[in-house]
Amino acid sequence: MSQKTSIEQTVINGNSTNKRHELPFRFEYDPDKKSHSILVPVLSIIVALMLCGLFILLNGLNPITVYLKMLQGAFGSSFGISETLVKATPLLLCGLGVAIAYRISIWNIGAEGQFLLGAIGATAITIYFPQLPGVVYIPLMIIVGIVSGALWGLLTAIPRTYFQVNELITSLMLNYVALLLLDYFVFGPWRDPEGFNFPGTPMFVPSQLLATIGGTRLHIGLFFAVIAVFLSAFFTLKTRWGYELRLLGANPTAAKYAGIRINKHILIVMMISGGLAGLGGMVEVSGVAGRLMYGISPGYGYTAIIVAWLAKLNPFAMILSSVFIGGLIVGGYSVQTIGLPSSLSFMLQGAILFCLIGGEMISKYRVKKVYKENS
C-alpha cells in the first residue's frame with residue numbers, strides 16, 4: 001500500500017508541476033485569418049533589408065550607405081526615375097497577369113515563357129510582313145503579342161483543366177521551352193546577317209518602335225500598363241465575373257454548387273494571364289530593345305511573382321510594388337561603383353519573397369488565452 005501511495009503522490013506532484021509551467025496563452029493556426037493589408041509587406045521589406053545588410057557588413061561596407069546609393073541611383077535623378085519606370089512597365093504587366101490567376105488559386109509560374117512568346121510573336125510581324133503600312137505595325141504587334149502569350153498560357157490551362165496536371169510543373173517547364181524557342185530564332189533563321197554573329201534579329205524600323213517620352217528610354221508602353229491596371233481592377237472588383245473569380249478562389253466547392261463553370265473560368269483566366277505577360281514582352285521588344293535578342297528578359301516573369309505578392313494581388317498597389325522592384329534593379333547597377341555586384345538587387349528580391357512568405361504564414365496564427373480550470 002505504501003508503494004501505491006508513493007506512485008500516486010508522484011503523479012500528483014508531476015501534474016502540479018506541469019500546471020505551474022503552463023503558459024497563459026497558446027498559438028493557434030487559422031487559415032481563414034486575414035492579415036493586415038499593409039503591415040506584412042512593409043515588415044517583410046524591412047526584415048529583408050536587415051538580413052541583406054548583414055551580408056553587406058561582411059563585405060566591409062555600411063548597409064545604410066549602400067541602400068542610399070541604390071535609392072539615389074533609382075530615384076535621385078530624372079534619368080534614374082525614367083529607367084526605373086522602364087523596368088517597372090513589363091513587371092507591372094506580368095504582375096497583373098500572374099495576380100489574376102492567383103485569385104482563383106491557379107499558380108501560374110509561366111509568366112516568363114508567356115512574356116517571351118509575346119516578344120517572339122510581335123517580332124514575327126516585323127520579319128514576315130516587312131511591307132505593311134507604318135500605322136498598322138504597332139496595333140498588329142500588340143494584338144499578336146497578346147494572342148501569343150494567351151495561347152502559351154492556354155497550354156498550361158488545358159492539362160490542368162482536363163487532365164488534372166499540376167500547373168506549377170507545366171507552366172514552369174514551358175518557360176524553358178519558350179527560352180529554347182527564342183534561342184532557335186535569334187541564333188537561326190531570324191538572326192541579323194549584318195549583326196556580326198550577334199544573336200538577334202535585324203533592328204526594327206521606326207514605325208515598328210513604340211514612341212518614347214521626353215527624350216528618354218521611357219516609352220508609351222507605360223500607358224498600356226496603367227490602362228491594364230484600371231481594366232483589371234474594374235473587371236475583377238466591379239463585375240459579376242470578378243465576383244465569380246473571388247468566390248472560386250475562396251471556396252471552389254461553393255462555386256461549383258453555385259453553378260459557376262470552373263473549367264471555363266480556368267481557361268479564360270489563364271489566357272488573360274498569358275496575354276498580359278505577352279503584352280509585356282511586346283512592349284519590351286518594341287519599346288526598349290528594338291529587336292528580338294538573346295537575353296531579352298532578365299527574369300521579368302519570375303520577378304512579377306514578387307510584385308504580385310507584395311501588392312497582395314491588388315492591381316493599384318501593383319503600381320507601387322512594380323516601381324519599387326524596378327528601383328531595386330536600377331539601384332543594383334549603381335552599387336557597382338562602390339565595389340558591389342549588381343546582383344545585390346536579386347539577393348534583395350529573394351530575401352523579400354522569403355520574408356513575405358514567412359510573414360504571411362506567421363500572420364495566420366492567432367494568440368489565444370488559456371483559461372485555467374478550477375481544481
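For the 3.5 Å distance criterion, the side chains of Glu112 and Ser297 qualify, holding a donor opposite an acceptor.
Side-chain atoms of Gln336 come within 3.5 Å of backbone atoms of Tyr333 as a donor-acceptor pair (strictly under, hydrogens ignored). Formation of a donor-acceptor pair under 3.5 Å by the Ser273 side chain with backbone atoms of Val269 is not found in this model. When atom types are taken as modelled, the side chain of Ser171 and the backbone of Thr156 share no donor-acceptor pair closer than 3.5 angstrom. At distances below 3.5 Å, at least one donor-acceptor pair connects side-chain atoms of Ser286 with backbone N or O atoms of Gln208. The backbone N or O of Leu248 sits nowhere less than 3.5 Å from a side-chain atom of Arg103 that would complete a donor-acceptor pair. Panel note: side chain Ser77, backbone Gly80; a donor-acceptor pair is recorded below 3.5 Å. Side-chain atoms of Asn62 come within 3.5 Å of backbone N or O of Ile64 as a donor-acceptor pair. Under the 3.5 Å distance criterion, the side-chain polar atoms of Glu167 are matched with a main-chain donor or acceptor of Trp107. Distance alone, capped at 3.5 Å, places no donor-acceptor pair between the Ser232 side chain and the Val229 backbone.
Applying the ring-ring contact (aromatic ring centres under 6.0 Å, His included) test to residues at least two apart or on different chains, none of the pairs has a partner in residues 52-96.
With hydrophobic clusters built from ILVMFWY side chains whose heavy atoms lie under 4.5 angstrom apart, Leu140 shares a cluster with Met282. Using a 4.5 Å cut-off between side-chain heavy atoms of Ile, Leu, Val, Met, Phe, Trp and Tyr, with links allowed through other members, Leu292 and Phe129 fall into the same hydrophobic cluster. Trp241 and Tyr102 fall within a single hydrophobic cluster, where Ile, Leu, Val, Met, Phe, Trp and Tyr are joined by side-chain heavy atoms under 4.5 Å apart, directly or via other members. Hydrophobic clustering, with ILVMFWY side chains joined whenever heavy atoms are under 4.5 angstrom apart, groups Leu168 together with Phe115. The same ILVMFWY cluster, assembled from side-chain heavy atoms under 4.5 Å apart, contains both Ile352 and Leu71.
Inter-residue side-chain proximity for Trp190 and Leu182 is flagged as unmet; no heavy-atom pair is nearer than 4.5 Å. Taking the side chain as every heavy atom from C-beta outward, Ile306 and Ile325 approach each other to under 4.5 Å. Using a 4.5 Å heavy-atom threshold, the side chains of Ile142 and Phe224 count as touching. Side-chain contact between Ile158 and Met270 is absent, with no heavy atoms from C-beta onward closer than 4.5 Å. Using a 4.5 Å heavy-atom cutoff, the side chains of Leu57 and Pro63 are in contact. Counting heavy atoms from C-beta on, the side chains of Leu210 and Phe223 never come closer than 4.5 Å. Using a 4.5 Å heavy-atom threshold, the side chains of Tyr300 and Leu93 count as separate. The shortest distance between side-chain heavy atoms of Val283 and His219 falls below 4.5 Å.
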**Message:** For Leu313 and Thr236: C-alpha separation, side-chain torsions, deciding distance, then whether side chain to side chain contact (heavy atoms under 4.5 Å, CB included) applies.
**Reply:** CA-CA 11 Å; Leu313 309 185; Thr236 57; over 6 Å; no

**Message:** Evaluate Leu116 against Leu179 for side chain to side chain contact (heavy atoms under 4.5 Å, CB included), listing each step before the verdict.
**Reply:** CA-CA 7 Å; Leu116 295 178; Leu179 183 59; 4.2 Å; yes

**Request:** Could you please spell out the steps behind the side chain to side chain contact (heavy atoms under 4.5 Å, CB included) verdict for Leu180 and Val177?
**Result:** CA-CA 5 Å; Leu180 292 173; Val177 176; 5.9 Å; no

**Request:** Report the C-alpha separation of Leu237 and Arg246 in whole Å, then their side-chain angles, then the decisive distance to 0.1 Å, and conclude whether the side chain to side chain contact (heavy atoms under 4.5 Å, CB included) test is met.
**Result:** CA-CA 9 Å; Leu237 302 176; Arg246 296 195 299 274; 4.3 Å; yes

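When all heavy atoms of Met318 and Ala99 are compared, the pair lying nearest together is CE-CB, 3.5 Å. Considering all non-hydrogen atoms of both residues, Cys355 and Leu51 come closest at SG-CD1, 3.9 Å. Residues Asn108 and Ala101 share a closest heavy-atom pair of CB-CB, 3.9 Å. The two atoms that bring His265 and Arg261 nearest to each other are ND1-O, 2.9 Å, heavy atoms only. Nearest heavy-atom pair, Ser321 versus Val307, reported as atom, atom and distance to 0.1 Å: OG-O, 3.0 Å. The minimum heavy-atom distance between Leu245 and Ile104, with the atom names listed, is O-CG2, 3.5 Å.
A salt bridge does not link Glu83 to Lys87: none of the charged nitrogens lies less than 4.0 Å from a carboxylate oxygen.
A search for salt bridge (charged side-chain N to carboxylate O under 4.0 Å, His left out) contacts involving Arg291 returns nothing, not counting sequence neighbours.
Considering OG of Ser82 and CD1 of Ile213, their distance stands at 10.0 Å, rounded to 0.5 Å. One finds the CD1 atom of Ile146 at 7.5 Å from the CG atom of Leu276 (value rounded to the nearest 0.5 Å). Atom OG1 of Thr123 and atom CZ of Phe185 lie 10.0 Å apart (nearest 0.5 Å). Atom CG of Leu132 and atom OH of Tyr137 lie 4.5 Å apart (nearest 0.5 Å). Of the inter-residue distances, the one linking Leu85 atom CG with Ile319 atom CD1 reads 11.0 Å to the nearest 0.5 angstrom. For the atom pair Ile266 CD1 and Ile106 CD1, the distance stands at 4.0 Å (nearest 0.5 Å).
Under a 4.5 Å side-chain heavy-atom criterion applied to ILVMFWY residues, the cluster that includes Met203 comprises that residue alone.
The side-chain contact (heavy atoms from CB on, under 4.5 Å) test with Val40 singles out one residue from Leu356, Ile362, Ile45, and that residue is Leu356.
Other residues, nucleotides and ligands contribute more than 12 heavy atoms inside 6.0 Å of the CZ atom of Phe198.
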